[in-house]
Amino acid sequence: MTKPDPSPYQWLTADSLTVAPLLLGLELVSNAGGIETAGRIVEVEAYHGREDPASHAYRGHTSRVAPMFEAGGAIYVYLSYGVHNCVNIVTGPAGEGQAVLIRALEPTIGLNVMATRRHTAGPRLLTSGPGRLSQSLGIGLDLSGSRLGETLSLRPTGPYPAQALAVATSPRIGITKAADYPWRFYLRDNPYVSGRR
DNA sequence: CATCTGATGGTCT
DNA sequence: GACCATCAGATGA
């Protein structure tokens with residue numbers, strides 16, 4: 001018999017830029033409220049720690065961003081514009097402050113539940129965007145600081161075509177100096193990738 | 001299609 | 001009191 005892997009998320013302690021493209025194609029599963037909803041990750045955004053001006057960890061360790069300084073596999077949720085929750089998967093070793101923002105999913109499980117939570121049934125409006133997908137999966141601020149394997153987990157899905165991986169290097173909003181490294185990863189031509197380019 | 005703007009609340013200064 | 005890793009609805013072309 002095979003014993004369950006005690007640490008199936010060990011690979012998330014790698015650098016956020018390494019982890020980000022590996023998250024594409026995986027299914028993000030939520031069991032919030034005891035109801036299963038899920039979607040395939042099609043767009044992510046990598047953030048570094050203290051040296052990345054765009055990162056919430058840039059200004060150091062505060063209570064809000066404390067989960068970002070946990071070891072890879074932790075969940076960091078923040079409230080955006082007073083309206084939307086956004087989910088990050090923390091990466092890197094403890095103390096680094098790295099994370100990957102989940103920007104878009106292709107909905108796979110519980111579309112009806114998502115439609116109820118979102119007050120719309122338009123498939124593209126369910127999980128195409130960080131605020132939308134969090135609402136669809138029932139992800140609240142209370143999940144910040146939890147770990148994958150609790151309410152949220154990752155599950156492998158089928159492979160995607162090699163040419164589907166796309167990378168953007170355009171400068172982030174708020175950064176004077178253009179990002180000199182790739183930071184946004186998405187599945188090319190996937191209809192659920194968010195509109196922002 | 002593109003661009004603009006109001007909503008709204010936690011966090012930090 | 002300022003600042004947002006966003007979204008929906010409105011308006012104009």
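Lettering follows sequence order; numbering is per chain, from 1.
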Next on the checklist: Could you tell me how far apart A:Arg64 (CZ) and C:dC4 (C1') are, to the nearest whole angstrom?
Outcome noted: 9 Å
Checklist entry - Quick one: A:Leu133 CG to C:dC7 C1', roughly how many Å, whole number? => result 13 Å
Checklist entry - Taking atom C1' of B:dT8 as reference, at what distance in whole Å does atom CG of A:Leu79 sit? => result 8 Å
Next on the checklist: I need the CD-C1' distance between A:Glu45 and C:dA5, as an integer number of Å.
Outcome noted: 6 Å
Item to check | Proximity to the side chain of A:Thr62 - top-ranked nucleotide from B:dT11, C:dC7, B:dA7 | outcome: B:dT11
Item to check | Inter-residue atom distance A:Phe185.CZ - A:Glu43.CD, 0.5 Å rounding | outcome: 12.0 Å
Next on the checklist: How many whole angstroms separate atom CG of A:Asn85 from atom C1' of B:dT11?
Outcome noted: 14 Å
Next on the checklist: How many whole angstroms separate atom CE of A:Met68 from atom P of C:dA5?
Outcome noted: 12 Å
Next on the checklist: Tell me which nucleotide, if any, is Watson-Crick or G-U wobble paired with B:dG6 when both distances must be under 3.5 Å.
Outcome noted: C:dC7
Item to check | Verdict with reasoning, A:Leu23 to A:Leu154, per side chain to side chain contact (heavy atoms under 4.5 Å, CB included) | outcome: CA-CA 9 Å; A:Leu23 288 170; A:Leu154 293 175; 3.7 Å; yes
Item to check | d(NE2, A:His56; C1', B:dG10) in whole Å | outcome: 12 Å
Checklist entry - Nearest to the side chain of A:Arg118, which nucleotide is it out of C:dA8, B:dA7, C:dC7? => result C:dA8
Item to check | Out of C:dA8, C:dA5, B:dT11, whichever nucleotide has its closest atom nearest the side chain of A:Tyr78 | outcome: C:dA5
Checklist entry - A:Tyr47 on top of C:dA5's base, within under 5.5 Å and under 30°? => result yes
Checklist entry - Does A:Arg59 place a side-chain N or O at less than 4.0 Å from the phosphate oxygens OP1/OP2 of B:dT13? => result no
Next on the checklist: Rounded to whole Å, how long is the line connecting atom CZ of A:Arg132 with atom P of C:dC7?
Outcome noted: 5 Å
Next on the checklist: Let me confirm one number: the CD1-CD distance from A:Ile89 to A:Gln98, rounded to the nearest 0.5 Å.
Outcome noted: 13.5 Å
Next on the checklist: Please check if the number of heavy atoms outside A:Tyr58 that lie under 6.0 Å from its OH is greater than 12.
Outcome noted: no
Checklist entry - Stacking between A:Tyr81 and the base of C:dC4 (centre distance under 5.5 Å, interplanar angle under 30°)? => result yes
Checklist entry - Once the angle between the rings of A:His61 and A:Phe69 is folded into 0 to 90°, is it parallel (under 30°), tilted (30 to 60°) or perpendicular (over 60°)? => result parallel
